[in-house]
Q: 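Can you read through this structure? Questions will come right after.
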Amino acid sequence: MAGVRPEEVQKRFDRLTEIFGGIVEHADAQASWRCPYRNRHDLCTAKFHCRNQTPVGDAADGDLSCSHDGRFDYRSAWESDPRTGERARQRLETIRERAAEGRQGRRAPRR
């Protein structure tokens with residue numbers, strides 16, 4: 001790196017900070033009204049259920065459209081009912097118990 005002056009490096013860092021600072025400011029402002037899981041094609045990329053998801057065209061391809069219109073706080077759309085998680089945990093426990101009961105009655109396979 002011979003010939004690189006520290007002031008030139010600092011000048012470039014300052015320019016990058018200015019560029020990225022503008023991007024961050026825009027993202028912060030946009031995050032207050034646009035769903036962060038909505039891509040540029042208005043498709044939902046969330047890996048969880050959201051009430052704003054609507055199927056697109058042929059349901060076989062699995063694409064979901066984001067129908068969020070920006071007029072409300074998108075964060076309230078996420079399913080966050082803790083009872084749903086508790087019911088799932090209870091079902092899993094029941095399945096484990098039944099599987100354990102089934103294994104108790106079986107012998108190890110012969111080799």
Side-chain angles (χ1 to χ4, degrees):
M1 286 181 86
V4 179
R5 297 189 328 238
E7 53 273 356
E8 285 297 317
V9 172
Q10 186 61 48
K11 183 178 175 182
R12 291 176 183 164
F13 279 142
D14 292 343
R15 177 66 182 134
L16 285 172
T17 300
E18 180 184 333
I19 291 168
F20 287 120
I23 292 170
V24 169
E25 286 175 19
H26 177 73
D28 282 343
Q30 189 179 52
S32 67
W33 59 269
R34 181 178 169 88
C35 177
Y37 297 99
R38 184 179 192 164
N39 71 12
R40 66 187 179 104
H41 301 294
D42 294 330
L43 296 177
C44 181
T45 63
K47 301 297 182 197
F48 52 86
H49 179 71
C50 172
R51 69 173 171 227
N52 294 318
Q53 294 171 336
T54 54
V56 175
D58 183 16
D61 62 9
D63 284 341
L64 297 170
S65 174
C66 181
S67 64
H68 174 257
D69 59 8
R71 291 186 292 171
F72 63 92
D73 185 355
Y74 63 86
R75 293 169 289 192
S76 66
W78 299 340
E79 299 294 334
S80 61
D81 183 1
R83 294 172 295 188
T84 303
E86 184 56 35
R87 284 193 299 265
R89 279 189 285 281
Q90 288 173 352
R91 278 187 291 213
L92 286 172
E93 186 59 34
T94 302
I95 291 168
R96 286 186 191 116
E97 289 171 0
R98 288 182 183 162
E101 290 169 2
R103 286 190 297 270
Q104 288 176 352
R106 291 190 307 204
R107 291 186 188 185
R110 291 185 178 187
R111 292 186 183 206

Q: To the nearest 0.5 Å, what is the distance between CG (D63) and CG (D42)?
A: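 Going from CG on D63 over to CG on D42, the span is 12.5 Å.
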Q: Same cluster for V24 and L16 if Ile/Leu/Val/Met/Phe/Trp/Tyr side chains link at under 4.5 Å?
A: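 No, V24 and L16 fall in different hydrophobic clusters.
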Q: What residues form a side chain to side chain contact (heavy atoms under 4.5 Å, CB included) with A46, not counting sequence neighbours?
A: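 If we apply the side chain to side chain contact (heavy atoms under 4.5 Å, CB included) test to A46, skipping adjacent residues, the hits are Y37, C44, F48, Q53.
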Q: Kindly write out the residues that satisfy side chain to side chain contact (heavy atoms under 4.5 Å, CB included) with L92, not counting sequence neighbours, or none if the list is empty.
A: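 By the side chain to side chain contact (heavy atoms under 4.5 Å, CB included) rule, L92 matches R96.
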Q: Do V56 and S65 make a side-chain contact, defined as non-hydrogen atoms from C-beta onward lying under 4.5 Å apart?
A: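 When only atoms from C-beta onward are counted, S65 and V56 do touch, with a gap below 4.5 Å.
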Q: Applying side chain to side chain contact (heavy atoms under 4.5 Å, CB included), can you list everything that pairs with D14, at least two apart in sequence or on another chain?
A: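 Only Q10 meet the side chain to side chain contact (heavy atoms under 4.5 Å, CB included) criterion with D14.
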Q: Please report the interatomic distance CG(N52) to OG(S67), rounded to the nearest 0.5 Å.
A: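 So the gap between those two atoms works out to 4.5 Å.
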Q: Rounded to the nearest 0.5 Å, how far does CG of L64 lie from CG of L43?
A: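 Rounded to the nearest 0.5 Å, the CG-CG separation comes out at 8.5 Å.
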Q: Using the side chain to side chain donor-acceptor pair (under 3.5 Å) criterion, which residues pair with E7? Sequence neighbours excluded.
A: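 With neighbours one apart ignored, the set is R5.
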Q: Under the rule for side chain to side chain donor-acceptor pair (under 3.5 Å), what residues qualify as partners of R15, not counting sequence neighbours?
A: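 Counting only residues at least two positions away or on another chain, R15 forms a side chain to side chain donor-acceptor pair (under 3.5 Å) with E18.
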Q: Mind checking what makes side chain to side chain contact (heavy atoms under 4.5 Å, CB included) contact with R98, not counting sequence neighbours?
A: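 Partners of R98 by the side chain to side chain contact (heavy atoms under 4.5 Å, CB included) criterion, ordered by chain and then number, come out as T94.
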